[in-house]
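The structure's right below; bear with me while I get my questions together.
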Amino acid sequence: MERKKLYITTTLPYVNAEPHIGHALEFVQADAISRYFRNKLGKENVFFNVGTDEHGLKIFRKAQEEGLGVIEFVDKYSQRFKDFCKLFLVEYDSFYRTSEKNHHEAAQKFWKKCDENGDIYKKKYSGWYCVGCERYITEKELVDGKCPDHGVVPEERNEENYFFKLSKYRDHLLNWLEDNPECLKPLSKVEELKRIISEAEDISISRLKESLPWGIEVPNDPEQVFYVWFDALTNYVNVIGFGKDEERLKEWWPGVQLFGPDNLRFQGSIWQGMLASVGLPQSYKLLEHGMVLGPDGRKMAKSLGNVISPFDQEKKYGAEIVRFYLLSGISTYGDSAYKEDDLVNMYNSRLANNFGNLLNRVIHLSNTKEVEINNLGEVDAHFKKEVDSYADAAKQLFGDFEIALGSEKVDELADFGNKYITKEEPWKKELPFETTQKILNNLSYLLSVVIELYSPIIPSSAEKAKRALEQRESIILFSKI
Ligand SMILES: [Zn+2]
């Protein structure tokens, strides 16, 4: 089904720390997808949401540790994510914050609707709660009595909490996944998601307010607050009008959701059950990007000394080179090691030597030979067909959310252009003027296509390249590093 409108959202990062390279990957991926679809469908037909998840015990305690009021604390870190978006040219339509009043109201409406549908009940609960995970850890998951992810003994909790009847939606969700396996990327995760859904139990969705003073109040029960995930997840539909503007909601939902590898349970099972409970369609696409590993191929950890900071990388190479590497060199859906050597090599070979070099040669030659270029009507039909077949393949890939593979196609097109210029030798003196003009005009068409296709990945350089080509202005856009 061809979609006329596209809504895309990242997960909302938890604001207890600085943005890391995994956030950078997710945000630039979502940005590249939304830019591609803005070009394709028109700017007004794409809505791109990012934001920050700002409740929970972890944040409350972290604020105390830093000696800040909790509002002050979330304001500070939320701003860091905004700065980060600006730095990496992430052009969102909405920056959603869960600490805002609108969100509180919408999340409470969501709760009420689940409740009306008989999906919320109260029961006594005791269990092991890991603050790091912000959830209860089952007996089975504990390793030597500790959380396997955080290596700490979880806190024992005895509370009366509200529960969401996730188990009620198992069959519904399994059927949905059976009928739409392509809703999840990578496809290799479908079996894992099926297992997660078929094992889904009802989940606790509230805390006692006295043990968690920083959260949204449960409707009609001021002693309880929302479980942080249950409130944050609702942002995906609140931002497009849930509980407020049904027309708008219908216009945009279901949407495309990006998330990281530790998030499949929340996005693919819990959130989908919540959608079913309020009678909304399941997500259109669930895109699970891979993990960015340290240069040594291991999971990044301070203790291993292999952490890559997106801010340091930006300082060293500039935002667009980092974007280019994250989108072209890091696998879109698999785990990849972040290697600066690869970043440098990829930039030099694809942008400096291939695309950049062709751009310089065509502009320079068209000036010295005094020929007309950028004349679409005069492009050789056979040549145009070849260029368009590369472009179609790239668009197919981008449209299918295969960013790295799409970028590779664009590189192949630039390479085709370099082979063409080498073979046709438009610099040769003995060539008739008409022939020289034809060759260079053909290449200007090819370059305009390359520029357009690269624009979601390197928006600012693409803009400069476009202007340089149109004005035939000799610039070195991509100097070697
Ligand atoms: Zn944990």
Open item on the list: I'd like to know if K464 and E320 make a salt bridge, using a cut-off of under 4.0 Å between side-chain N and carboxylate O.
Closed with: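 A salt bridge is absent here (no side-chain N lies under 4.0 Å from a carboxylate O).
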TODO: Consider only side-chain N and O atoms of Q224 and E160, and report whether a donor and an acceptor are under 3.5 Å apart.
DONE: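 No - no donor-acceptor pair under 3.5 Å links their side chains.
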- [ ] Using a strict 4.0 Å threshold on nitrogen-to-oxygen distance, state whether K123 and D202 make a salt bridge.
- [x]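 Salt bridge between K123 and D202, a charged N being under 4.0 Å from a carboxylate O: no.
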Task: Check: L41 main-chain N/O paired with N45 side-chain donor or acceptor under 3.5 Å - done: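 Indeed, once roles are kept as given, a pair shorter than 3.5 Å links the two residues.
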TODO: May I ask you to decide if G22's main-chain N or O and H20's side chain share a donor-acceptor pair within less than 3.5 Å?
DONE: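 A pair under 3.5 Å: yes.
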Open item on the list: Any side-chain to backbone donor/acceptor pair from D119 onto L166? Under 3.5 Å, distance only.
Closed with: no
TODO: Check each of R157, E159, E155 against S211 using the side-chain hydrogen bond (donor to acceptor under 3.5 Å, both in side chains) test, and report the only one that passes.
DONE: E159
- [ ] State whether the side chain of D231 and the backbone N or O of A107 hold a donor-acceptor pair below 3.5 Å, judged by distance alone.
- [x]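 Side chain of D231 to backbone of A107, a donor-acceptor pair under 3.5 Å: no, none is there.
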TODO: Could you label the plane-to-plane angle of the Y236 and W271 rings as parallel, tilted or perpendicular, counting under 30° as parallel and over 60° as perpendicular?
DONE: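 Judged by the thresholds at 30° and 60°, the geometry between Y236 and W271 is perpendicular.
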Open item on the list: Between Y36 and K395 (side chain of the first, backbone of the second, donor and acceptor by atom type, cut-off under 3.5 Å), is there such a pair?
Closed with: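 Such a contact is found between Y36 side chain and K395 backbone.
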Open item on the list: Any side-chain to backbone donor/acceptor pair from R80 onto P19? Under 3.5 Å, distance only.
Closed with: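 Checked: no pair found.
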Task: Test item: S336 side-chain N/O and S331 main-chain N/O as donor-acceptor pair under 3.5 Å - done: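 Pair found, side chain donor or acceptor close to backbone of S331.
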Open item on the list: Exactly one of W111, Y227, Y121 should register a ring pair (Phe, Tyr, Trp, His ring centres under 6.0 Å) with Y162. Which one does?
Closed with: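 The ring pair (Phe, Tyr, Trp, His ring centres under 6.0 Å) with Y162 is passed solely by W111 among W111, Y227, Y121.
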- [ ] Can you see which heavy atom on P281 is nearest to which on L275, and at what distance?
- [x]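 Looking at all heavy atoms of both residues, the closest pair is O-CD1, 3.8 Å.
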Task: N/O donor-acceptor pair under 3.5 Å between D31 side chain and E91 backbone - done: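 Between the backbone of E91 and the side chain of D31 there is a qualifying donor-acceptor contact (under 3.5 Å).
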TODO: Using modelled atom types only, decide if a donor and an acceptor are shared between the side chain of Q29 and the backbone of T332 within a distance under 3.5 Å.
DONE: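 At least one qualifying donor-acceptor pair exists.
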Task: Sole candidate of W229, Y125, F163, W128 that passes ring pair (Phe, Tyr, Trp, His ring centres under 6.0 Å) when paired with Y136 - done: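 One option only clears the test, and that one is Y125.
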Task: Ion pair check, K409 and D392, cut-off under 4.0 Å - done: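 Salt bridge: no.
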Task: Ring centers of Y325, Y338 separated by less than 6.0 Å - done: yes
- [ ] To the nearest 0.5 angstrom, please state how far the CD1 atom of I197 sits from the CG atom of N175.
- [x]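 Interatomic distance, I197 CD1 to N175 CG, rounded to 0.5 Å: 10.0 Å.
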Task: Working for salt bridge (Lys or Arg N to Asp or Glu O under 4.0 Å), residues D75 and R97 - done: CA-CA 10 Å; D75 281 350; R97 297 186 57 189; 2.8 Å; yes
Name every donor-acceptor pair, under 3.5 Å, that has one atom in a side chain of residues 179-189 and the other anywhere in the protein, sequence neighbours excluded.
residue, atom, partner, partner atom, Å
N180, ND2, W176, O, 3.0
K185, NZ, E402, OE2, 2.5
K189, NZ, E288, OE2, 3.1

Task: Shortest non-hydrogen contact from K5 toward E44 - done: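 So the two residues come closest at NZ-O, 3.9 Å.
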- [ ] Quick one: do N345 and S349 satisfy side-chain hydrogen bond (donor to acceptor under 3.5 Å, both in side chains)? Show the steps, please.
- [x] CA-CA 6 Å; N345 291 337; S349 72; over 6 Å; no
Open item on the list: Using ring centroids (six-membered ring only for Trp), state whether Y347 and F324 fall under 6.0 Å.
Closed with: no
Open item on the list: Looking at every heavy atom in both A30 and F48, which two are closest together, and how far apart are they?
Closed with: CB-CE1, 3.5 Å
Task: Which residues share a salt bridge (charged side-chain N to carboxylate O under 4.0 Å, His left out) with D115, sequence neighbours left out - done: none
Open item on the list: In the structure I gave you, are the side-chain heavy atoms of M274 and F164 within less than 4.5 Å of one another anywhere?
Closed with: yes
TODO: Would you give the length of the straight line joining atom CG of N161 to atom OG of S126, rounded to the nearest 0.5 angstrom?
DONE: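 Taking CG in N161 and OG in S126, the distance rounds to 10.5 Å.
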Open item on the list: For E54, run the side-chain contact (heavy atoms from CB on, under 4.5 Å) check against T98, I71, L12 and tell me which one passes.
Closed with: T98
Task: Donor-acceptor under 3.5 Å (Q267 side chain, L258 main chain) - done: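 Side chain of Q267 to backbone of L258, a donor-acceptor pair under 3.5 Å: no, none is there.
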Open item on the list: Against the six-membered ring of F398, is R35 placed for a cation-pi contact (under 6.0 Å from the centre, within 45° of the normal)?
Closed with: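 No, R35 does not sit over the ring of F398.
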Open item on the list: Does the structure place the NZ or CZ of R248 under 6.0 Å from the centre of the six-membered ring of F47, at an angle of no more than 45° from the ring's axis?
Closed with: yes
Task: Atom pair CG/NZ of L280 and K113 - distance to nearest 0.5 Å - done: 7.0 Å
Task: Closest contact, heavy atoms only, A301 versus N306 - done: N-OD1, 2.9 Å
TODO: Search all heavy atoms of G56 against all heavy atoms of L212 and return the closest pair with its distance.
DONE: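 Scanning both residues completely, I find the closest heavy atoms to be C-CD1, 3.7 Å.
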Open item on the list: So, taking the atom named CG in L453 and the one named OG in S455, what distance separates them when rounded to the nearest 0.5 Å?
Closed with: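 Here the interatomic distance stands at 7.5 Å.
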Task: Sequence-distant partners of F73, ring pair (Phe, Tyr, Trp, His ring centres under 6.0 Å), two or more places apart - done: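 Here the qualifying residues are Y77.
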TODO: For salt bridge (Lys or Arg N to Asp or Glu O under 4.0 Å), just list the numbers for K101 and E105, CA-CA rounded to whole Å, side-chain angles, deciding distance to a tenth of an Å, and then say yes or no.
DONE: CA-CA 6 Å; K101 189 165 163 277; E105 288 168 5; 3.1 Å; yes
TODO: Look at E72 together with K76 and state whether they make a salt bridge at an N to O cut-off of under 4.0 Å.
DONE: no
- [ ] Could you tell me whether E463 and K466 have a side-chain N and a carboxylate O separated by less than 4.0 Å?
- [x] no
Task: Candidates F355, Y317, Y454 - the one meeting ring pair (Phe, Tyr, Trp, His ring centres under 6.0 Å) with F478 - done: F355
TODO: Run the salt-bridge test on R298 and D296 with the 4.0 Å N-O cut-off and return the result as yes or no.
DONE: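 Yes.
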